[in-house]
Amino acid sequence: MPTLDIPLFGNIALCLVMVSAAYTLAMALGAGKGRLNLLAAARSGAFATCTFIALAISLLAYAFQSHDFRIIYVARYSDRSMPWYYLFTSLWGGQDGSLLWWLFLLSGYTAACVRWLRGKYVELQPWIIATLMGIMLFFSIVMLFAANPFQTYIATTPPDGEGLNPLLQNYWMVIHPPSLYMGFVGWSVPFAFVIAALVTGRLDEEWIKGARLWAMIAWTFLSVGLLLGCLWSYEELGWGGYWAWDPVENASFMPWLVGTAYLHSAIVQERYGMLKVWNVFLMCFTFFMTIFGTFLTRSGLIASVHSFARSDIGVYFVHFMFLIAFVCIALVAWRFGRLKAKHRIEALLSREFMFLLNNWVLLGMMFFVLVTTTWPLISDWIRGQEVTVGPGFYNEWMVPLGLILLFLMGVGPLVSWRKATGKNLRRAMMMPMALGAVVFVIHLLAGNSMGYPPFRDAYEIYQTATGGILSYFHVVAPITATALSAVVFGTILQEFIRGARVRMRSKKESLLSALYQLISRARRRYGGYIVHLGIVVMYFGFTGAVYDRDAEAALRPGETMQVGNCTDESEVGGACHTFRYDAPVTTNDPNKRAVYGRMTLLDEDGGEIGQVNPAKFIYRTHPDMPTTEVAIRSRADEDLYVILSTVDPQTQRATFRIIVRPFVVWIWIGGLILLLGSLISMWPTARQLALNKRRKRNRGADTGKKKKGPSKAAGVAIALLAWLLSYGNVAEAQNDSTSSLHAGTVVIDDPGERQLFGQLLCQCGSCARLPLDSCSCSWADEARAELRLQMEAGAQPLDLIARFRAQHGAAAISIPSDEGFDRLIWAVPIAVFAVAAFGVVLIGRRWRTASPESVSDGEDGESSADDDDSDDDYDDKLDAELRRLERD
Amino acid sequence: MRGLIRFFDALGSAGLLPFFFAAAATCALFAALFFLWRSLRAAFGAADSFHLPSAEAESRRILEERKTALLSNLADLEFEHAGDKISDEDYEALDKKLRAEAKRVLRLLDDDVKPYRAKAEKRLKNYLSERGAPYREQAEKPLAADPSVEEARPEAAEPDDEASAEADKASDAAEKDAAENVCKECDTVNDADAAFCKKCGTPMSEADNTDDTDEVDSAEEDSP
């Protein structure tokens, strides 16, 4: 049917992208070298490159919509029965297309940034454009030579495509990858700023200010993308969880951690001109981690549930990473002299130092995840032995680090800038600490009776001292998390109350107007606090995972099953829930056949509360890959997560697994609060808006052209996010649209079994990295049965693990042992963490002692002669300036 | 957004989506060629030239940034003191230190504009004497650190002087000019005859610098 030679046009478009990016790079370098007339050429060239990319993506979209199966990518990821929206999402459904999609998003950022830069940052501009073009050039080369989405079949054209993987045929695939990519790609712009600052040597606060909005946009998208990823995992993968420490998840979590550290320490530089080297490093590192994450995901080096197939683009990424690292290190070394801080901190007990501590924990977490994620590679590389690190390992180790971060979040905002006084700090901590203590006591006393016990059963992942210490954390984690969450909540509350009170006193405002004024006048600060609030609410949701309960039953129509706190001796869980299985219902559409297991949720007296419809979808193109669609009923206190494991159309008998997951909904609510907070802190101030308006008026009179100011950029970001969210809300309201990789029947009777199975990996060969507690293949079934028999015979879990390891090798255990070389997996990060802690304190001390008197004292001497007569004048002027600042 | 989805739905069901994307591709191609042409024209011919700011403007920018940071630090300190986060002694010590530093920066900013002020006063004197109006010397006051018009305007002449009307007109014109000679990109106040903004290098529009030279001269009093 297609008559246009789309493959040829597509290849030409990709070539044009490459040529145009190279040309623009040359122009930008020329402009950077002082030939400023080339800057206009570079700016237009950047727009040209972006539109060439738009051309390429439009051609690919056209190929999908017109079923041009000459193109391998189109044939592999679509078929004729797919509706238009999945044909559209197929654009990023596979490796080659998603790289083009990546480039397309980068072109969007680049065009917005170049437009925004008009008339600003003239010195930095050439280098910003050059950096962005360099990145584009790299991606266009990868696409042309290694992952060309327009590649055609050499011989015959298939009559129909293979269809998109059923797992990817849901609306989460419509919104999750674009949002995450927006977060990933977005860091390119602030990275371009830092490279420009390094090259030009303009390393004061200028680049931080320029990059701020872009870093915020990228961070927000990355956060939302991560959360949508959790939501996708929770609703689509059907194994009952939202985060499995999968390498691909980690790949996006690591840049988030570094980016978060950057956003905090950038404030210190903006305010006090300190931490210059550190900020440059953090920004470079964040960008590096986005590329590293892409490399991890794309190269197929590390087995993961949803990584792309192993491919040869890895080597390109390795070269690119070396290039980035080399350029960054060389530039920092060259400019090191200019990166020295002009100012010193006054005291160790100050907000500046708290930010340093926050950076320490965030980077510590990042380093831990980094080492652990790459451990299989490191182990294979150094000693030729494959190992696997499963979620159990991360959960045990990351909980203590996460709690430290939570603690800092509670204390940090209470410490004043420059210098905190012990007495005042103690007074400030009184309320949050009291709140924390009250919650602690309530949880301790009433937790058991409410079904949320304050302590967990001891559980040692190792039989060593380390195992004992970890086990201790494991036991106290629930109550510590709730108490610390209360402390952070108290801190945030107190910050708002105190701020409002100051305004009410000095400006005679009512409480509401004081609060409104407070937030609108210091958006960044209070927006930040709201983000903190979102994080605390999310922590609360994460803590709920401790109290999960599940049940499994095979039912005939009319039979019921119970889940939750249904027996007197059970310790955890909220209410008891009764489900009645009604009947299987089958529906057909051109794309798939769906079998629903209709269930009714009953109340205690047998009255009907509502229906749940978990299902199995059998896609026409993938009949051997039925997907499990879970049904979720969300409430504030718990989610009911219903999985249809098997259904027999003849006998109508069906197996269900129901998981009760307390507080999960708070994770998504926390995400919304986080989004609100970051929008508040991104929103331009009245002053900026007035400035933009004036500019626009000037230009309107001048040329009639419009311009995209920061407010516009923020507006666009907000609109995009709102769109993503509106999608999310639609999806959440709908309960029955999911697919599963892990789905199937996994019967686990008690927590001991769950912990044991969680440490052993399925060895069937096709379910990579799935532990026995969630793998549903027959091999796993048999393995579980055998292990159960051995446990009944009195075997200890640790012996069973050792036996399993001896039988199937070290790679069959999800938690590497705590001996020999394997010990390094935690010892290295912990050692680095400890050394870094020492370093942080040392740096703080040196800063303080190096120049106890601030710079001003020394330099003031020169002009002190005429101080006395004009001092009063200047005092008045300073006051006038301060009043003006307050007015703005 | 729903409307957009419905629009695409309609397109999809009518089988028009391929044409939609084909049209998008065509538009993108033309846009890209247009930008490429503009870029090549800029590289090899008529280009809007960009200029780097002078060293003085650069040092002034750094001072301005420093001033902004110090002012917000002072405001923060005030706020934290009001919120009882910092003790009175520490507050006083830090406040004194920050104020001293802020005053130093303000003074440096003023020193920066001194030569311009002298020049402007001379020109104003010439202008007024040409028109027969006496110029009264002003005791030098520190100029505003911020290049805002109101604070930097010297008074021109006696109100009952016969030339006062003209002088007022002149100062009004000066005010108007100065207000108009704000860079539209970065809002920096530029010399009235500036062809390009001294901060960001954007060309100043024709309208701003083709005024009567005399008036332009008198406007310089406001230009840092």
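All chains are named by letter (A, B, ...) in the order of the sequence lines, taking the proteins before the strands, and each is independently numbered beginning at 1.
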Would you say the ring centers of B:Phe35 and A:Phe47 fall short of 6.0 Å from each other? yes
Approximate separation, where rounding is to 0.5 Å, of B:Thr26 OG1 and A:Tyr62 OH: 9.5 Å
Give, as side chain, backbone, both or neither, the part of B:Leu29 having an atom under 4.5 angstrom from any heavy atom of chain A. both
Between A:Gln269 and A:Met274, does a side-chain contact (heavy atoms from CB on, under 4.5 Å) hold up when you go through it step by step? CA-CA 5 Å; A:Gln269 180 171 349; A:Met274 298 188 308; over 6 Å; no
So what's closer than 4.5 Å to chain B heavy atoms on A:Leu518: side chain, backbone, both or neither? side chain
Under 4.5 Å from any heavy atom of chain A, what part of B:Leu77 do you find: side chain, backbone, both or neither? neither
Most heavy-atom pairs under 4.5 angstrom with chain B, which of A:Ala522, A:Ala61, A:Pro83? A:Ala61
Relative to chain B, which segment of A:Phe88 carries a heavy atom at a distance below 4.5 Å: side chain, backbone, both, or neither? side chain
Can you say whether the rings of B:His81 and B:Tyr91 are parallel (under 30°), tilted (30 to 60°) or perpendicular (over 60°)? parallel
Tell me, side chain or backbone of A:Arg501 under 4.5 Å from chain B's heavy atoms, or both, or neither? neither
Flag the one option from A:Ala48, A:Ser20, A:Ala42 with the top tally of heavy-atom pairs under 4.5 Å to chain B. A:Ala48
Are a donor atom and an acceptor atom from the side chains of B:Ser39 and A:Tyr23 found within less than 3.5 Å of each other? yes
Heavy-atom contact with chain B under 4.5 Å, split by part of A:Pro126: neither
With a 4.5 angstrom heavy-atom cut-off, is it the side chain or the backbone of A:Arg426 that approaches chain B, or both, or neither? neither
So CZ of B:Arg104 and CG of B:Leu63: to nearest 0.5 Å the spacing works out to 8.0 Å
Can you name the closest pair of heavy atoms from A:Val114 and A:Ala46 and give their distance? CG2-CB, 4.0 Å
Go through the atoms of A:Phe64 and report whether side chain, backbone, both or neither lie under 4.5 Å from a heavy atom of chain B. neither
Interatomic distance, B:Leu71 atom CG to A:Leu878 atom CG [nearest 0.5 angstrom]: 6.0 Å
Tell me which of these, A:Leu55, A:Val502, A:Asn424, has more heavy-atom pairs under 4.5 Å with chain B than the rest. A:Asn424
Per-residue contact mode, A:Ala428 against chain B (heavy atom under 4.5 angstrom): neither
Best-contacting candidate, A:Ser506, A:Gly499, A:Ala54, against chain B by heavy atom pairs under 4.5 angstrom: A:Gly499
Hey, does A:Arg43 have a side-chain heavy atom less than 4.5 Å from the side chain of A:Leu117? yes
In terms of heavy-atom pairs under 4.5 Å with chain A, which of B:Ala75, B:Ser72, B:Ala102 leads? B:Ser72
So NZ of B:Lys103 and CD of A:Glu881: to nearest 0.5 Å the spacing works out to 13.5 Å
Pairs of heavy atoms under 4.5 Å with chain B: top-ranked of A:Met27, A:Glu495, A:Arg35, A:Glu206: A:Glu206
Tell me, for A:Leu60 versus chain B, whether the close heavy atoms (under 4.5 Å) come from the side chain, the backbone, both or neither. neither
